[in-house]
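Quick note on labels: first sequence line is chain A, next is B, and so on, each numbered from 1.
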2 protein chains.
Amino acid sequence: MGEKELRKSMAVFPIGTVIRLTGLTARQIRYYEEQELVFPKRSEGNRRLFSLNDVDRLLDIHDFLKDRFTMADIRQYYALEKEKQQRKEQEMTDRQVRRLFQDELLSESGLSNPTVNSHNLR
Amino acid sequence: MGEKELRKSMAVFPIGTVIRLTGLTARQIRYYEEQELVFPKRSEGNRRLFSLNDVDRLLDIHDFLKDRFTMADIRQYYALEKEKQQRKEQEMTDRQVRRLFQDELLSESGLSNPTVNSHNLR
DNA sequence: TTTCCATGTTAGAAAACCTAACATGGTTTG
DNA sequence: CAAACCATGTTAGGTTTTCTAACATGGAAA
């Protein structure tokens with residue numbers, strides 16, 4: 001995860017800030033969490049902490065609702081999105097594994113400097 | 001001001017978040033404000049609200065202090081920065097005024113379509 | 001040494017947030 | 001239609017967070 005995505009996923013906003021940022025009410029935000037559509041972290045004292053991604057998602061949820069989708073619909077939508085994302089990530093690691101394997105072959109066959117593997121470079 | 005700078009100057013973080021983000025103590029943060037080095041906004045209920053720019057500045061201030069600069073030094077430094085910035089902005093508006101003036105001349109002399117001024121294009 | 005400077009600590013009050021419960025006005029659904 | 005459901009409003013009582021103000025402290029400067 002890059003620096004930018006990391007910043008966007010940092011849980012830093014208490015609910016009051018999110019209310020100002022989104023125009024939603026506390027009730028709505030808490031209900032969306034109860035419905036497992038967003039997953040804010042918690043402070044030591046149990047106060048909700050939202051990330052920028054959470055804020056985006058809250059706005060998306062509200063748009064869906066305005067378009068007369070139900071919470072269950074939205075939950076399912078995000079479940080599918082998550083699966084897609086996970087397949088993508090699996091593809092990435094598969095590719096990395098193949099690359100590692102290839103490196104091994106190269107170094108063992110003596111075609112490459114045996115003390116240096118390409119995936120260690122940079 | 002572009003969209004990005006606008007986001008960075010939005011006062012959205014309560015002090016607790018800033019504490020987590022910077023590692024500074026509440027005492028330090030409040031003292032830096034008392035010394036007029038940062039200027040957080042206030043919520044309706046009088047709680048401090050910081051922007052990302054404020055967070056950056058707090059970290060900078062702390063670095064200056066670690067380098068044994070005094071608050072007065074830092075205050076002066078930022079005063080100079082501000083002047084520089086203001087001169088720059090004045091330059092910009094001067095340039096705009098000259099351009100507007102030029103446009104007027106052109107349109108009145110009939111060299112340009114009188115119903116369209118170039119600074120209105122795009 | 002005395003003073004100053006940046007920060008720690010404490011106390012009491014107010015704001016913000018928490019959960020849980022009940023209320024309500026539109027949908028669906030039987 | 002009546003009953004059930006859904007998204008949201010409202011209220012109450014309790015906890016956490018933040019506020020200001022004041023006094024304490026250790027190291028640097030005068």
Side-chain angles (χ1 to χ4, degrees), chain A residues 10-79, chain B residues 10-79:
Chain A
M10 264 182 74
V12 292
F13 301 106
I15 200 170
T17 299
V18 176
I19 288 171
R20 288 180 215 110
L21 251 32
T22 62
L24 299 176
T25 67
R27 185 65 168 99
Q28 288 174 305
I29 296 169
R30 295 197 189 109
Y31 187 54
Y32 299 169
E33 180 191 24
E34 188 183 318
Q35 293 293 311
E36 307 191 81
L37 298 178
V38 270
F39 307 92
K41 300 279 179 297
R42 295 289 178 133
S43 76
E44 285 190 18
N46 197 37
R47 269 85 240 275
R48 270 167 265 257
L49 290 177
F50 297 82
S51 69
L52 275 179
N53 283 337
D54 291 331
V55 171
D56 277 352
R57 183 183 274 226
L58 285 170
L59 290 171
D60 287 342
I61 293 168
H62 194 235
D63 283 345
F64 277 131
L65 288 171
K66 276 194 293 196
D67 292 345
R68 329 216 61 262
F69 286 97
T70 172
M71 300 254 166
D73 298 336
I74 304 172
R75 195 160 41 239
Q76 191 148 6
Y77 167 78
Y78 281 123
Chain B
M10 262 182 74
V12 292
F13 301 107
I15 199 169
T17 298
V18 176
I19 288 170
R20 290 181 213 108
L21 251 33
T22 62
L24 300 175
T25 67
R27 185 66 167 99
Q28 288 174 305
I29 296 168
R30 295 198 190 108
Y31 188 53
Y32 299 170
E33 180 191 23
E34 188 183 318
Q35 294 293 311
E36 305 188 84
L37 298 178
V38 270
F39 307 92
K41 300 280 178 295
R42 295 288 179 133
S43 76
E44 283 191 20
N46 197 37
R47 270 85 239 278
R48 273 168 261 257
L49 290 176
F50 298 82
S51 69
L52 275 178
N53 283 336
D54 291 332
V55 171
D56 278 352
R57 183 181 273 224
L58 284 169
L59 290 171
D60 288 342
I61 292 168
H62 195 235
D63 283 345
F64 277 130
L65 287 171
K66 276 194 294 198
D67 292 344
R68 331 214 60 262
F69 286 97
T70 173
M71 299 255 167
D73 298 336
I74 304 172
R75 196 161 40 239
Q76 191 147 6
Y77 167 78
Y78 282 123

Tell me: [atom1] of [X] to [atom2] of [N], nearest whole Å?
X       : N      : atom1 : atom2 : answer
B:Arg20 : D:dT17 : CZ    : C1'   : 10 Å
A:Asn46 : D:dG14 : CG    : C1'   : 12 Å
A:Asp67 : D:dA7  : CG    : P     : 14 Å
B:Leu65 : D:dG26 : CG    : P     : 20 Å
B:Asp73 : C:dA6  : CG    : P     : 9 Å
B:Ile29 : C:dG8  : CD1   : P     : 11 Å
A:Ile74 : D:dC6  : CD1   : P     : 13 Å
B:Arg42 : D:dC19 : CZ    : P     : 6 Å

Inset, instruction - Check the pair A:Arg20, B:Leu49 against side chain to side chain contact (heavy atoms under 4.5 Å, CB included), reporting the backbone distance first and the verdict last. - result: CA-CA 12 Å; A:Arg20 288 180 215 110; B:Leu49 290 176; 3.9 Å; yes
Ignoring the backbone of [X], work out which of [options] is nearest its side chain.
X       : options                : answer
B:Arg27 : C:dC18, D:dT18, D:dA22 : D:dA22
A:Arg47 : C:dC17, C:dT7, C:dA15  : C:dC17
B:Thr25 : C:dT7, C:dG8, C:dT27   : C:dG8

At less than 4.0 Å, is any side-chain N or O atom of [X] found next to OP1 or OP2 of [N]? Yes or no.
X       : N      : value
B:Ser43 : C:dA16 : yes
A:Tyr31 : D:dA7  : yes
A:Tyr32 : D:dT8  : yes

Inset, instruction - Let me know, please, whether B:Gly45 or B:Ala26 comes out on the 5' side of the other along DNA chain C by nearest nucleotide. - result: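 Checking each residue's closest nucleotide, the 5'-ward one belongs to B:Ala26.
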Legend entry - Residue met sooner reading DNA chain C from 5', once B:Glu44 and B:Gln35 are mapped to nucleotides: B:Gln35
Inset, instruction - Have a look at A:Arg30 and say if it touches a base, only the backbone sugar-phosphate, or nothing, with a 4.0 Å heavy-atom cut-off. - result: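 Here A:Arg30 touches the bases of the nucleic acid.
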Legend entry - Distance, nearest 0.5 Å, that separates OG1 of B:Thr22 from NE2 of B:His62: 8.5 Å
Inset, instruction - Classify the angle between the aromatic ring planes of B:Tyr78 and B:Phe64 as parallel (below 30°), tilted (30 to 60°) or perpendicular (above 60°). - result: perpendicular
Legend entry - Partner of A:Arg57 by side chain to side chain contact (heavy atoms under 4.5 Å, CB included), out of A:Asn53, A:Leu59, A:Ile61, A:Val55: A:Ile61
Inset, instruction - Please tell me which of A:Gln28 and B:Arg68 maps to the more 5' nucleotide of DNA chain D, matching each residue to the nucleotide holding its nearest heavy atom. - result: A:Gln28
Inset, instruction - Using only heavy-atom distances, determine whether the side chains of A:Thr70 and A:Asp73 contain a donor-acceptor pair under 3.5 Å. - result: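 Their side chains do not contain a donor-acceptor pair, so the 3.5 Å distance test is not met.
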